[in-house]
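Heads up: the structure comes next, in structure tokens.
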Amino acid sequence: MSNELQNIKNRFGIIGNFPVLNRALEKAIQVAPTDISVLVIGESGVGKEFIPKIIHSESKRKHQPYIVVNCGAIPEGTIDSELFGHEKGAFTGATATRKGYFEVADGGTIFLDEVGELPLQTQVRLLRVLESGEFMKVGSSQVQKTNVRIVAATNVNMMKAIHDGRFREDLFYRLNTVQIDMPPLRERKGDIHLLFRKFSIDFAEKYRMPELELEPSAVHYIENYAFPGNIRQLRNLVEQMTVVERNREIRVEKLAEYIPMETHLPMVVNNQNAQKQNDFGSEREIMYKILFDMRSDINDLKSLTSELIKNKGTADLSNQEKNLINRIYSAEQAQPVAQNSLLYFEDKSPVAQNAPTIMSNADDSYEDIEDIEIEENRPESLSLQNNEKDLIIKALDKHKGRRNRAADELGISQRTLYRKIKQYNLED
């Protein structure tokens, strides 16, 4: 790292050694001596405001005015007057002539923060200033000149704003002569603990309290947190903990109370519509229901295969279809079976005993084909069977034995429910 870059970090209190951050600072130092416009892109809270300060302090304008304008905080009806000034009597309440920021900052730098929030009418005026340095006060017909360097920043997706007609494309390219990207904090994991320590020292001195320290597990936790509010969120977190926490050694459990780690697990939504369709009390039962639904779908697919074979016959089946049926039914047999108990297609692929009987003789007789039942006598499936049985009993009890409603709640056909009732001996 160059001495110039390190001096800039020390002067402005910038913490971190992330390569993208260093590149952004180096670019700001490089363009500072020129007068070209700069657009700083980055999420809210990443520290975009440091870039225009660095540019101004390293430019030939450093002894001239530096003005910060938050474009999103000024009402649309008064922003033209704030930026360009107004004449006496230009509108109600204009009791005197007023200078705007562009007139006051002549020879210096203006930082337009949240420039994406500018109204379209103001964008037209700003474009004229960028192109010719000329502007007119509100209520005046006299053209004035100004020599101002503009640095803008935004957290808005400018391409989308242009597409939606909320920002002028020509103004964007005029502002974006040089673009500097500020990385979000979640991409600077190695800098998070450094920033935490920096803020801890600052607030300990401010409030005259001992510094906060993170345990190793808490360091790992905070470095893997997303920080949607970026550096601003981290700073507020440290300030809050400095004031509130008595124990200055922060454990991961305490840290999780302030910034709970985001999870993407399924949640049970407990509203009336969901209650009508799902009366299960735990996530485990929901998982069992999902498995139950998947197995029911397999049953239905096998039943459909059997019907197709009855109606179509093997004569019209391709080799690929025969191989597929062989593979599906033979996969259900976990226990070894005798050779003479298996049926074969012409390619000699074994078909389990519980598969539909597929013959290759000329008369294609299918009278003996029965609906498929999945064999579930294996020890590893007993737990799933018990839970499936419990789900069926619950659904039947809830709907007082009305099988059509129970089948709708379970998400299966009435035919499949009837077959399961017979399998588990649940007849009334």
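For clarity, every value in this text was computed on a predicted model and none was experimentally measured. Numbers here simply count residues along the sequence, with the first being 1.
- Checked against side-chain hydrogen bond (donor to acceptor under 3.5 Å, both in side chains), Arg197 has no partners two or more places apart in sequence or in another chain.
- Under a cut-off of 6.0 angstrom, the local environment of CD in Glu134 is crowded, with over 12 non-hydrogen atoms contributed by other residues, nucleotides or ligands.
- Every residue was checked against the side chain to side chain contact (heavy atoms under 4.5 Å, CB included) condition with Thr95, not counting sequence neighbours, and none meets it.
- Open room surrounds CZ on Arg405; 12 or fewer heavy atoms of other groups in view lie less than 6.0 Å from it.
- Within the structure, salt bridge (charged side-chain N to carboxylate O under 4.0 Å, His left out) pairs that include any residue of residues 146-161 comprise Lys160-Asp164 (at least two apart or interchain).
- Applying the salt bridge (charged side-chain N to carboxylate O under 4.0 Å, His left out) test to residues at least two apart or on different chains, the pairs with a partner in residues 210-227 are Glu215-Arg251.
- For residues 174-204, no pair satisfies ring-ring contact (aromatic ring centres under 6.0 Å, His included), with sequence neighbours left out.
- No side-chain donor from either of Gln240 and Asn236 sits under 3.5 Å from a side-chain acceptor of the other.
- Every residue two or more places apart in sequence or in another chain that forms a side chain to side chain contact (heavy atoms under 4.5 Å, CB included) with Ile259 is listed here: Tyr221, Ile222, Tyr225, Phe227, Gln233, Leu237, Leu255.
- A search for side-chain hydrogen bond (donor to acceptor under 3.5 Å, both in side chains) contacts involving Thr122 returns Asp80, not counting sequence neighbours.
- Rounding to the nearest 0.5 Å places CG of Leu83 at 9.5 Å from CZ of Arg125.
- Among residue pairs with one or both ends in residues 12-21, none qualify as salt bridge (charged side-chain N to carboxylate O under 4.0 Å, His left out); sequence neighbours excluded.
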Between side-chain atoms of residues 104-115 and protein atoms elsewhere (two or more places apart, or another chain), which donor-acceptor pairs fall under 3.5 Å?
{"from": "Asp106", "atom 1": "OD1", "to": "Asn147", "atom 2": "N", "distance (Å)": "2.8"}
{"from": "Thr109", "atom 1": "OG1", "to": "His56", "atom 2": "ND1", "distance (Å)": "2.8"}

For residues 39-55, please give each side-chain donor-acceptor pair under 3.5 Å, one per line with the distance, not counting sequence neighbours.
{"from": "Glu43", "atom 1": "OE1", "to": "Arg186", "atom 2": "NH1", "distance (Å)": "3.2"}
{"from": "Glu43", "atom 1": "OE1", "to": "Asn230", "atom 2": "ND2", "distance (Å)": "3.2"}
{"from": "Glu43", "atom 1": "OE2", "to": "Arg186", "atom 2": "NH1", "distance (Å)": "3.4"}
{"from": "Glu43", "atom 1": "OE2", "to": "Arg186", "atom 2": "NH2", "distance (Å)": "2.5"}
{"from": "Ser44", "atom 1": "OG", "to": "Arg232", "atom 2": "NH1", "distance (Å)": "3.1"}
{"from": "Lys48", "atom 1": "NZ", "to": "Gly42", "atom 2": "O", "distance (Å)": "3.3"}
{"from": "Lys48", "atom 1": "NZ", "to": "Glu43", "atom 2": "O", "distance (Å)": "3.1"}

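- Annotation: side-chain hydrogen bond (donor to acceptor under 3.5 Å, both in side chains) contacts of Thr146 (sequence neighbours excluded): none.
- By the side-chain hydrogen bond (donor to acceptor under 3.5 Å, both in side chains) test, Glu205 is found to be paired with no residue, residues two or more places apart in sequence or in another chain being considered.
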